[in-house]
**Student:** 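Below: one structure in structure tokens.
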Amino acid sequence: MDQKQLKIEAARKALEHVSDGMRLGIGTGSTAEEFVRLLAEKVSTGLNVIGVPTSERTAALCRELGVPLSTLEETPELDLTVDGADEIDSELSLIKGGGGALLREKIVAAASARMIVIADKSKVVETLGRFPLPIEVNRFGLRATELAVAAAAGRLGLSGDIKLRMTGSQPFVTDGDHFILDASFGRIPDTRALSNALHAIPGVVEHGLFIGLASAAIVAGSDGIETIQAVR
Ligand SMILES: O=C(CO)[C@H](O)[C@H](O)COP(=O)(O)O
């Protein structure tokens, strides 16, 4: 089975957790898009749900496919969010933000009673950090924030390239009008300490470490689908 098919299988399994009347957070990225396509098929045959999208990109796809949408202002409490991830560890801590939507993704996940992560098996790691950590930052004081991020990481024994994410020759701009720094720190043994250190930097809007948010991960591999439940 190719990677796209594995994403579809994970998304299909997640759909089993969706029931009539649910208020759904809808993630961003290629795996979440497979979920939107399957959800739209169900909606077209009568499933009644309302979705809060985590990005303009997801909102556009939902509109195109006829998935009814709301905003978090109108619907501030959600039953379930289904989203992808860039990395998943055994405690269901995540790195997210490869698609640049981490701020809205985190706000939506935190407003949800449950978050189910969908992914192909390549996303499962022993320790987070192989994937560069996306850090959403204010445009103002970009260089100062970058230096502060490097210093904070250094105090935790982490180092590595910190790159401003680009789209062609221009910085990538998030839906919230911020920039993203991609930090290649390598293995992050203490995710909580790094999370706290990054949150203490004024120019950091949010980072892509999702700790204690995922309730379950549905992981599809060529040997089958595994559901990993969070132990809390
Ligand atoms: O966090 C994300 C977007 O900000 C995505 O969920 C993450 O990048 C995974 O994407 P994909 O399913 O395309 O691999």
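First listed ligand is number 1; within each ligand, the first listed atom is number 1.
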**Student:** Looking only at the side chains, is there a donor atom on one of H178 and E206 sitting less than 3.5 Å from an acceptor on the other?
**Tutor:**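 Note: H178 and E206 side chains miss the donor-acceptor criterion.
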**Student:** Answer yes or no: is there an ion pair linking D177 with R139, defined by an N-O contact shorter than 4.0 Å?
**Tutor:**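 Looking at R139 together with D177, the answer is yes, because their closest N to O distance falls below 4.0 Å.
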**Student:** Numbering the atoms of ligand 1 from 1, which are under 4.0 Å from a heavy atom of A85?
**Tutor:**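 Here the atoms of ligand 1 in question are 6 (O), 7 (C), 9 (C).
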**Student:** Which of the atoms in ligand 1, numbered in the order shown and given with their element, are less than 4.0 Å from a heavy-atom of G29?
**Tutor:**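 Under 4.0 Å from G29, ligand 1 has these atoms: 13 (O).
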**Student:** Just jot down the ligand 1 atoms closer than 4.0 angstrom to any heavy atom of E105, in number order.
**Tutor:**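 Counting atoms of ligand 1 from 1, those under 4.0 Å from E105 are 1 (O), 2 (C), 3 (C), 4 (O), 6 (O).
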**Student:** Quick test: of every protein heavy atom, which one is nearest to atom 8 (O) of ligand 1, and how far off is it to 0.1 Å?
**Tutor:**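 Closest protein heavy atom to atom 8 (O) of ligand 1: D86 OD1, 2.6 Å.
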**Student:** Need the ligand 1 atom indices (1-based, order shown) with element for anything under 4.0 Å from a heavy-atom of G84.
**Tutor:**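 Going through ligand 1 atom by atom, the ones under 4.0 Å from G84 are 6 (O).
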**Student:** Quick one: do E136 and R104 make a salt bridge, cutoff under 4.0 Å?
**Tutor:**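 Not counted as a salt bridge, because no side-chain N and carboxylate O are separated by less than 4.0 Å.
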**Student:** Can you confirm, on distance only, whether ligand 1 has an N/O atom lying under 3.5 Å from any N/O atom belonging to G97?
**Tutor:**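 Min N/O separation from ligand 1 is below 3.5 Å for G97.
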**Student:** Can you pull out the closest protein heavy atom to atom 5 (C) of ligand 1? Residue, atom name and distance to 0.1 Å, please.
**Tutor:**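 Residue, atom and distance for the closest contact: T28 O, 3.2 Å.
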**Student:** Between S93 (side chain only) and I211 (backbone N and O only), is there a donor and an acceptor less than 3.5 Å apart?
**Tutor:**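 Answer holds: no.
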**Student:** With heavy atoms of G100 as the reference, note each atom of ligand 1 found under 4.0 Å away.
**Tutor:**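 Checking each atom against G100, I get 4 (O).
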**Student:** For atom 11 (P) of ligand 1, which protein heavy atom lies nearest, and how many Å away is it?
**Tutor:**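 Looking only at protein heavy atoms, the one closest to atom 11 (P) of ligand 1 is S30 OG, 3.3 Å.
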**Student:** Give a yes or no on whether a salt bridge exists between R114 and D79, defined as a side-chain N under 4.0 angstrom from a carboxylate O.
**Tutor:**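 Judged by the 4.0 Å cut-off on N to carboxylate O distance, R114 and D79 do not form a salt bridge.
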**Student:** Number the atoms of ligand 1 from 1 as they appear, then name those within less than 4.0 Å of a heavy atom of G98, with their elements.
**Tutor:**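 So the atoms of ligand 1 that pass are 1 (O), 4 (O), 8 (O).
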**Student:** Hey, does the side chain of D20 reach the backbone of N48 with a donor-acceptor pair shorter than 3.5 angstrom?
**Tutor:**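 A pair under 3.5 Å: yes.
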**Student:** Among all protein non-hydrogen atoms, which one is nearest to atom 14 (O) of ligand 1, and what is the separation to 0.1 Å?
**Tutor:**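 Here the nearest protein heavy atom works out to K123 NZ, 2.6 Å.
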**Student:** Side-chain donor-acceptor pairs under 3.5 Å in residues 125-132, sequence neighbours left out?
**Tutor:**
from	atom 1	to	atom 2	distance (Å)
T127	OG1	R187	NH2	3.4
R130	NH2	S122	O	3.2

**Student:** Which of the atoms in ligand 1, numbered in the order shown and given with their element, are less than 4.0 Å from a heavy-atom of D83?
**Tutor:**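 Checking each atom against D83, I get 6 (O).
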**Student:** Let me confirm one number: the CG-CG distance from L15 to L47, rounded to the nearest 0.5 Å.
**Tutor:**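 Between L15 CG and L47 CG, I get 7.5 Å after rounding to 0.5 Å.
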**Student:** Between P134 and ligand 1, find which residue part has any heavy-atom pair under 4.0 Å and reply side chain, backbone, both or neither.
**Tutor:**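 Within the 4.0 Å criterion, P134 makes no contact with ligand 1.
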**Student:** Using the side-chain contact (heavy atoms from CB on, under 4.5 Å) rule, pick out the option among T167, D182, L164 that qualifies with F172.
**Tutor:**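 Only one option passes, and that is T167.
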**Student:** Tell me, please, which residues at least two apart from E77 pass side chain to side chain contact (heavy atoms under 4.5 Å, CB included).
**Tutor:**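 E77 satisfies side chain to side chain contact (heavy atoms under 4.5 Å, CB included) with R23 once adjacent residues are dropped.
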**Student:** Give the residue, atom name and distance (to 0.1 Å) of the protein heavy atom nearest atom 12 (O) of ligand 1.
**Tutor:**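 Ranked first by proximity to atom 12 (O) of ligand 1 is T31 OG1, 2.5 Å.
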**Student:** For ligand 1, which atoms, with element, lie under 4.0 Å from some heavy atom of K96?
**Tutor:**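 Contacts of ligand 1 toward K96, numbered from 1: 1 (O), 2 (C), 5 (C), 6 (O).
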